[in-house]
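Taking it in order: structure first as structure tokens, then the write-up.
We number each residue from 1, following the sequence as shown.
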Amino acid sequence: MNKKSKKKFMIAGGLLFVFILFTVAVMKVDVAAIGPKDSLVGLSKINDFMFKKLGTHPIWDMITEVLLVTAFLIVLLFGVIGIKQLIERKSLWKVEHGILLLAVFYVFLAAFYELFEVVVVNYRPILEDGELAASFPSSHTMLICSIVGSAMVLFDRMLTNKVVRNVVEIIGGIILILAVIGRLLAGVHWFTDILGGVLLSAALVMFYDASVVYMDEIS
């Protein structure tokens, strides 16, 4: 493993470690019954303050739903590109390794999504159809940031035109910012849910980036 990929893997591991520590803090520190139906919420003071300060805004919930659909369209786009390369090159192993690794990345992303549907760290600050719903980490934040972040890594490799590449990076950055701010303003998650989603997605994207660089090194 060369110095570049090793450094990226170390950063990814560090981000994942921070996410784990943060998750433990959310589960164990300043836990209080501030949620609906007296549900327990960790880091309750900061979460209660942020929720009361920002309130709920359904329009931002709708905007982030659109952003999530946009993220899934990106997944579809890379799926089409991968299938096209497979047909043209007649071998799975001749498909761009960034595309193949992206498929593995999506599997891990889906696994984390399912994990936190089962392992409930916090419940949402609002009820869904009158029932409590898992809230940590924010799935919208995690999915949008992970999908768009990994796409930016791959687009940076695939796009040779510098102007187009810069435009794509700007659009990706705007989507990421809107996803985080929008999910916070929507008021359907606690502040720590959003932060948890950002930390986990940052770790996953960095692992993907490191894997792509490593494959470049050994190819």
Considering all heavy atoms, the nearest [X]-[Y] contact:
X: Leu185; Y: His57; result: O-ND1, 2.8 Å
X: Phe105; Y: Ser150; result: CE2-OG, 3.5 Å
X: Val120; Y: Ala134; result: CG2-CB, 4.1 Å
X: Phe78; Y: Ala151; result: CE1-CB, 3.6 Å
X: Leu143; Y: Leu68; result: CB-CD1, 3.9 Å
X: Val188; Y: Pro125; result: O-CD, 3.5 Å

Next on the checklist: My understanding is that only residues two or more places apart in sequence, or in another chain, count here; which of them pass salt bridge (Lys or Arg N to Asp or Glu O under 4.0 Å) with Glu128?
Outcome noted: Arg124
Checklist outcome for this item: Lys94 meets the side-chain hydrogen bond (donor to acceptor under 3.5 Å, both in side chains) criterion, sequence neighbours left out, with none
Evaluate the side-chain proximity of [Y] to [X]: yes if any heavy-atom separation is below 4.5 Å, no if none is.
X: Asp61; Y: Arg183; value: yes
X: Leu127; Y: Glu131; value: no
X: Phe207; Y: Phe9; value: yes
X: Phe116; Y: Ser139; value: no
X: His97; Y: Asp216; value: yes

What distance do [X] atom [atom1] and [Y] atom [atom2] have between them, rounded to the nearest 0.5 Å?
X: Thr64; Y: Ile175; atom1: OG1; atom2: CD1; answer: 13.0 Å
X: Leu43; Y: Met50; atom1: CG; atom2: CE; answer: 12.5 Å
X: Leu199; Y: Ile194; atom1: CG; atom2: CD1; answer: 12.0 Å

Checklist entry - Taking the six-membered ring for Trp, are Trp190 and Phe136 ring centroids under 6.0 Å apart? => result no
